[in-house]
Amino acid sequence: MSLEFSQERVVGTPDAERARVLADPVFGEVMTDHMVTIKWSRERGWHDARLGAYGPLTLDPTAQVFHYGQEIFEGLKAYRRADGSIVSFRPDANAARLNTSAARMAMPALPEEAFLEALRLLVDADRDWVPTGEGRSLYLRPFMIATQSSLGFYRPSDSYLFVVVAGPAGAYFKGGVEPVSVWLTTDYTRAADGGTGAAKCGGNYAGTLVAQEQAAEHGCDQVVWLDAKERRWVDEMGTSNMFFVYGDRLVTPELTGTLLAGITRDSVLTLARDLGLVAEEGRISVEQWRADAEAGRLTEVFSCGTSSMITPVGRAKSADGEWLMGDGRPGAVTMRLRAELMGIQSGELPDRHGWVHKMA
Ligand SMILES: *Cc1c(COP(=O)(O)O)cnc(C)c1O
């Protein structure tokens with residue numbers, strides 16, 4: 001049975017105020033006029049789906065999410081195209097990943113069509129909030145929290161709330177694309193074997209802030225996460241996946257269960273092969289990374305994820321020293337893949353894989 005959404009359209013933000021925000025949108029700062037909520041209870045399953053006014057949630061202080069961190073989320077973007085239509089990129093993959101995360105966190109699965117309908121209704125209601133301009137988008141943030149009021153912790157919550165909110169986002173790079181520097185921490189790890197590293201859950205983020213501060217103290221923009229056991233194998237970077245470029249061969253860390261299966265990562269694997277490059281999943285150690293970069297075999301490194309798309313890595317630093325990727329400037333393969341991905345999203349390049357979904 002599919003969910004019926006009740007819909008309440010609100011009198012929105014005044015046009016002049018919205019225009020001011022859209023003139024220079026800053027990711028995560030201003031949200032749109034609407035949100036979608038869907039409730040779940042053990043007795044009723046998913047129910048009470050609604051599109052309504054954006055606003056605070058009212059939760060009991062003992063709601064389980066506040067104490068035991070049962071929370072998962074997704075992140076994707078809607079783009080306004082030159083013809084005025086609004087599209088999103090592989091939202092079905094986000095729907096599937098939400099449910100993978102839900103299974104790991106003992107939360108209920110949300111039917112994919114309810115996830116997609118929630119996004120579609122929100123984008124349609126807030127279509128005037130989708131910015132125009134290269135690299136700009138409406139960022140969509142679906143999430144699910146445990147709402148049962150009880151400090152008892154002996155089994156998963158009896159009730160959950162799924163929410164989707166949205167806000168305009170500016171281009172990640174305002175001027176030209178700037179390479180980032182990365183700090184390889186051996187003091188902290190993000191995820192261990194058997195843990196929650198492959199789930200997109202808030203708790204994974206809370207534990208990484210201290211390492212991000214450490215990276216900044218070492219003059220670096222981002223943290224690189226190494227495996228928890230040997231502190232030797234590269235997992236990912238900050239909140240994005242990594243690619244290592246050896247001429248016309250790309251390697252990305254394999255999905256061992258301790259890293260997040262990025263949809264951008266998956267798309268880059270496919271696009272690289274479309275471009276005639278060899279794209280593989282494998283293991284990269286810190287020693288190999290450094291030796292190959294210093295020998296000139298490793299020509300480029302980049303990270304990828306929904307928020308930053310594709311970002312070149314120019315310089316790496318560890319407790320043992322620092323090294324450059326090539327001359328430290330964005331590499332040709334990185335920029336080619338970036339142009340390919342952004343071209344498909346904007347509609348300037350053909351969508352060969354059926355990744356683009358019309359939203360409004
Ligand atoms: C969301 C996320 C990514 C990137 O995933 P995309 O689907 O490409 O946006 C990578 N690593 C972590 C830890 C993440 O949370």
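Numbers for residues simply follow the sequence, beginning at 1. It should be emphasised that the depicted structure is a prediction, and the values quoted were computed from it without experimental measurement. Indexing begins at 1, ligand by ligand and atom by atom, following the structure's order.
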Nitrogen or oxygen atoms of [X] and ligand 1 under 3.5 Å apart:
{"X": "R265", "result": "no"}
{"X": "T264", "result": "yes"}
{"X": "G305", "result": "no"}
{"X": "N241", "result": "no"}

Among all protein heavy atoms, pick out the one at the shortest distance from [atom]; state its residue, atom name and that distance to 0.1 Å.
{"atom": "atom 2 (C) of ligand 1", "result": "K200 NZ, 2.6 Å"}
{"atom": "atom 13 (C) of ligand 1", "result": "R190 NH2, 3.3 Å"}
{"atom": "atom 11 (N) of ligand 1", "result": "E236 OE1, 2.6 Å"}
{"atom": "atom 9 (O) of ligand 1", "result": "T306 OG1, 2.6 Å"}
{"atom": "atom 10 (C) of ligand 1", "result": "T239 O, 3.3 Å"}
{"atom": "atom 5 (O) of ligand 1", "result": "G262 CA, 3.3 Å"}

Can you name the atoms of ligand 1, numbered from 1 with element, that are less than 4.0 Å from a heavy atom of [X]?
{"X": "S240", "result": "10 (C), 11 (N)"}
{"X": "R97", "result": "5 (O), 6 (P), 7 (O)"}
{"X": "Y205", "result": "14 (C), 15 (O)"}

Between [X] and [Y], does any side-chain N to carboxylate O distance fall below 4.0 Å?
{"X": "R190", "Y": "D235", "value": "no"}
{"X": "E113", "Y": "R120", "value": "no"}
{"X": "R141", "Y": "E74", "value": "no"}
{"X": "R265", "Y": "E236", "value": "no"}
{"X": "E280", "Y": "R273", "value": "no"}

V333 versus E300, closest heavy-atom pair with distance: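 So the minimum-distance heavy-atom pair works out to N-OE2, 3.0 Å.
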Inspect the surroundings of CG in D274 and state if more than 12 heavy atoms from other residues, nucleotides or ligands are less than 6.0 Å away. yes
Kindly write out the residues that satisfy ring pair (Phe, Tyr, Trp, His ring centres under 6.0 Å) with H47, not counting sequence neighbours, or none if the list is empty.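 In terms of ring pair (Phe, Tyr, Trp, His ring centres under 6.0 Å), with neighbours along the sequence ignored, H47 is linked to no residue.
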Co-members of the apolar cluster containing Y68 [side chain, <4.5 Å]: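 Grouped by the 4.5 Å side-chain rule, L151, F153 form the rest of the cluster around Y68.
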